[in-house]
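The next block holds one structure in the form of structure tokens; read it before the comments.
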Amino acid sequence: MRDIRVALWGLGAMGSGIAKMIASKEGLALSGVCVRRDHLVGQEVYAYLGIDRGDRDPVFITNKIEDIVRRDLCDIVVLATDSFVETQFDKIMFCLERGVHVLSIAEEMAWPWAQNEELADKIDALAKMRGVSVLGTGINPGFVLDYLILALSGTCEHVESISAARVNDLAPFGKSVMVEQGVGISIDEFKRRMEEGSLSGHVGFPESMSMIAEGMGVALADIEETRDPIISNVDRKSAHGEAKKGNLAGIRQQSYGRLANGKVFIHLDHPQQICPEDEGVNTGDYVTIRADGYDMNLSIVPETPGGIGTIAMAVNMIPHVIGAKPGLRSMLDLPVPRCILGNYAEQIHQERDHRYRRGELVSVETVILPVGERAPQVPDDTKRTPLRAFTKGFLQEESATRGDLVTVRTMSDRLVTGTVSDLPISPTHTFGHSVPELTAVHRQVFELMFGGESK
Ligand SMILES: NC(=O)c1ccc[n+]([C@@H]2O[C@H](COP(=O)([O-])OP(=O)(O)OC[C@H]3O[C@@H](n4cnc5c(N)ncnc54)[C@H](OP(=O)(O)O)[C@@H]3O)[C@@H](O)[C@H]2O)c1
């Protein structure tokens with residue numbers, strides 16, 4: 001079985017950890033690495049990370065993503081660059097255009113429909129068209145304050161409400177997280193940035209809330225979020241952040257998901273700071289589910305490690321993304337995340353795609369009007385779907401599978417270029433099941449028209 005070829009986009013704190021974990025695993029091969037920092041370009045990645053390459057092929061770091069993301073070069077791209085659907089969108093579409101799967105650790109990608117439904121729909125449409133899958137995952141969102149809660153709730157007959165807290169250390173994370181969390185800034189700057197809306201803080205509460213609510217079939221009428229500065233009483237320093245006494249060590253963010261009657265159904269509490277141990281703060285993950293007549297409590301002390309947790313979730317989900325149904329997927333669609341100790345490629349569960357040969361009849365899909373270009377008068381759900389045409393014809397390429405861009409020659413000798421679709425060649429529709437009422441009506445009509453004589 002061939003190793004899964006993984007291209008890595010972003011080599012910061014998480015990307016570096018992901019590269020190291022891939023290098024330590026059977027069935028995974030790092031096929032390329034793309035960065036922004038010029039001084040890394042051309043360096044051999046295993047040497048840069050200070051790990052033994054063994055008998056693996058050397059991988060030279062590039063800043064040209066087009067050189068490493070191609071279907072013949074990689075199976076999946078792991079995106080570890082930023083946090084938001086809007087900033088990830090072009091990158092994801094770039095990978096999908098080239099027919100490769102995508103796994104992103106951007107927080108908003110954990111439930112991209114929460115705040116970016118239109119972009120999520122576009123990603124979904126292109127992924128389906130190219131026959132590949134996209135997943136957002138991580139430690140939080142992606143696991144602690146959503147997936148774990150949902151998994152626990154599966155043991156309950158009924159849930160009255162949920163409260164959960166993640167008291168964690170930001171030290172393992174990189175520069176992006178320090179900036180987003182305002183680590184090291186003064187209280188005045190915190191207030192100013194809160195007013196101008198330029199402090200992201202923890203990204204992911206709307207995504208976690210929506211995942212829990214959608215997963216449980218609960219309608220939240222309102223999601224409120226609060227932010228309070230965590231002021232350091234001592235000087236703190238981590239690998240990528242520094243907070244002087246009197247400045248911010250991080251932010252305590254809370255979120256309340258309310259039902260239509262105003263009752264808080266979900267309360268999430270997330271004080272995040274660098275080096276909490278410097279002030280005797282113990283980290284931990286805590287979940288309380290108020291079930292029917294009893295409370296179920298889970299605590300993980302100290303916290304599930306955020307850095308290792310994110311890296312491991314990303315790498316351990318790789319085979320599940322490759323085996324997933326094409327489209328934009330969430331953690332709720334895929335097999336349970338677990339630490340894979342054997343061969344990663346053997347954990348891919350999928351029906352093999354049929355490989356078409358030259359001259360074989362295939363169905364190809366072309367987009368006539370993409371999302372965003374549909375006529376203004378069509379209903380909203382139609383607007384969110386591209387107008388597609390399916391054409392049957394004989395394959396001109398040597399061979400192809402679902403999602404490949406190919407040309408076919410139709411029965412009327414037209415050449416049409418499109419992506420191989422999984423639409424069956426033969427019609428699969430029927431005229432439906434027989435309807436007992438209609439057979440009675442049939443008799444009545446003959447009775448009325450011909451006096452009972454069926455002609
Ligand atoms: N879901 C979760 O649970 C979870 C957990 C951890 C982190 N995250 C998110 O994942 C992201 C990465 O985290 P991190 O700690 O690794 O951050 P980081 O250390 O700042 O790394 C981000 C890296 O991405 C690179 N980058 C950004 N845009 C790029 C582009 N267009 N092409 C190539 N490289 C690019 C940056 O390069 P330069 O250094 O050259 O600028 C940087 O090295 C952050 O947004 C973080 O919030 C999510």
Side-chain angles (χ1 to χ4, degrees), residues 7-21 32-41 43 45 48-49 61-69 77-95 103-112 114 135-148 166 168-183 199-208 211 238-241 250-251 253 268 270 272 274 285 303-317 330-331 337:
L8 189 55
W9 199 342
L11 193 65
M14 295 302 101
S16 302
I18 289 167
K20 285 181 187 165
M21 182 168 166
V33 176
C34 179
V35 301
R36 228 171 18 182
R37 281 161 291 171
D38 285 343
H39 70 275
L40 296 187
V41 175
Q43 293 198 42
V45 75
Y48 167 72
L49 295 171
I61 299 172
T62 179
N63 57 3
K64 292 196 174 62
I65 193 65
E66 59 277 15
D67 288 353
I68 63 167
V69 177
V77 173
V78 174
L79 256 171
T81 51
D82 49 274
S83 301
F84 308 100
V85 173
E86 232 176 76
T87 48
Q88 293 257 299
F89 180 73
D90 287 347
K91 298 187 188 81
I92 294 174
M93 297 300 265
F94 177 91
C95 300
L103 186 150
S104 166
I105 61 164
E107 288 88 338
E108 284 188 359
M109 283 301 297
W111 199 265
L135 174 76
T137 190
I139 195 67
N140 185 43
F143 188 73
V144 176
L145 290 181
D146 38 50
Y147 188 92
L148 183 63
R166 175 159 169 79
N168 70 314
D169 184 3
L170 287 175
F173 298 116
K175 206 174 60 189
S176 318
V177 176
M178 300 302 135
V179 174
E180 285 167 6
Q181 290 290 332
V183 171
L199 195 60
S200 348
H202 167 64
V203 181
F205 269 158
E207 287 69 25
S208 291
M211 191 195 297
S238 68
H240 304 277
I251 299 174
Q253 251 167 273
L268 302 178
H270 197 16
Q272 301 204 83
I274 56 162
D285 299 323
E303 58 161 320
T304 316
I308 296 172
T310 305
I311 291 162
M313 286 292 289
V315 177
N316 287 326
M317 290 307 290
S330 81
M331 287 297 289

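As the structure lists them, so they are numbered: ligands from 1, and atoms in each ligand from 1.
- Taking CG from N140 and CE from M313, the interatomic distance works out to 10.5 Å, rounded to the nearest 0.5 Å.
- By the criterion of a heavy-atom distance under 4.0 Å, the backbone of N140, and not its side chain, is placed next to ligand 1.
- Considering each of R36, H240, E108, E107, the one bringing a non-hydrogen atom nearest atom 34 (N) of ligand 1 is R36.
- The shortest contact between atom 26 (N) of ligand 1 and any protein heavy atom is with T81 CG2, 3.7 Å.
- Closest protein heavy atom to atom 31 (N) of ligand 1: K91 CE, 3.6 Å.
- Every heavy atom of G142 sits 4.0 Å or more from the atoms of ligand 1.
- Contact annotation: the side chain of T81 approaches that of Q88 to within less than 4.5 Å [non-hydrogen atoms, C-beta and beyond].
- With a 4.0 Å heavy-atom cut-off, ligand 1 is reached by the backbone of A80 but not by any atom from C-beta on.
- Close approach to V177 involves these atoms of ligand 1, each under 4.0 Å from a residue heavy atom: 46 (C), 47 (O).
- The N/O atoms of G138, backbone and side chain alike, include none that comes under 3.5 Å of an N/O atom in ligand 1.
- For E107, the side-chain hydrogen bond (donor to acceptor under 3.5 Å, both in side chains) partners two or more places apart in sequence, or in a different chain, are S83.
- Ligand 1 has no nitrogen or oxygen under 3.5 angstrom from a nitrogen or oxygen of F173.
- Here the side chains of F173 and T310 are in contact, with some heavy-atom distance below 4.5 Å.
- Interatomic distance, NE2 of H202 versus NE2 of H270, reported as 4.5 Å (0.5 Å rounding).
- Shortest contact from atom 10 (O) of ligand 1 to any protein heavy atom: I105 CD1, 3.2 Å.
- Checking T310, L11, I65 against atom 5 (C) of ligand 1, the nearest heavy atom belongs to T310.
- Between the side chain of D146 and the backbone N or O of F143 there is at least one donor-acceptor pair closer than 3.5 Å.
- Nearest protein heavy-atom neighbour of atom 45 (O) of ligand 1: S83 OG, 2.7 Å.
- The distance criterion of under 3.5 Å between nitrogen or oxygen atoms is met by G174 with respect to ligand 1.
- Nearest to atom 43 (O) of ligand 1 among the protein's heavy atoms is R37 NH2, 3.1 Å.
- Considering backbone and side-chain N/O of I139, one or more are found under 3.5 Å from N/O of ligand 1.
- For the pair A106 and ligand 1, no heavy-atom separation below 4.0 Å is found.
- Residue nearest to atom 17 (O) of ligand 1, selected from S176, C34, G12: S176 (by heavy-atom distance).
- At least one heavy atom of E180 sits under 4.0 Å from some atom of ligand 1.
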Please report, to 0.1 Å, the donor-acceptor pairs under 3.5 Å made by any side chain of residues 10-18, with sequence neighbours excluded.
unit_1 : atom_1 : unit_2 : atom_2 : d
S16    : OG     : L11    : O      : 3.4
S16    : OG     : G12    : O      : 2.7

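- A heavy-atom distance below 4.5 Å is not found between the side chains of E108 and E86.
- Atom NZ of K91 sits about 9.0 Å away from atom OG of S104, to the nearest 0.5 Å.
- Here the closest non-hydrogen pair linking R166 and I139 is NH2-CG1, 4.0 Å.
- Taken to the nearest 0.5 Å, the CE atom of M109 stands 8.5 Å off from the CG atom of L79.
- The part of V35 lying near ligand 1 is the backbone, judged by heavy-atom distances below 4.0 Å.
- Ranking protein heavy atoms by distance to atom 19 (O) of ligand 1, first place goes to A13 N, 2.9 Å.
- Closest heavy-atom contact between L135 and S330: CD1-C, 3.4 Å.
- If you check which protein heavy atom lies closest to atom 25 (C) of ligand 1, you get G10 CA, 4.1 Å.
- Residue-level proximity to ligand 1 for T137 is carried by the backbone, the only part with a heavy atom below 4.0 angstrom.
- Neither the backbone nor the side chain of M313 has a heavy atom within less than 4.0 Å of ligand 1.
- Atom-to-atom distance recorded for C95:SG and W9:CH2 is 5.0 Å, nearest 0.5 angstrom.
- Remark: the backbone N or O of H39 is paired with a side-chain donor or acceptor of Q43 at under 3.5 angstrom.
- Only the side chain of W9 comes within contact range of ligand 1, with a heavy atom under 4.0 Å; no backbone atom does.
- Taken to the nearest 0.5 Å, the CG atom of D38 stands 12.0 Å off from the CD1 atom of I61.
- With respect to atom 7 (C) of ligand 1, the closest heavy atom belonging to the protein is M14 CG, 3.8 Å.
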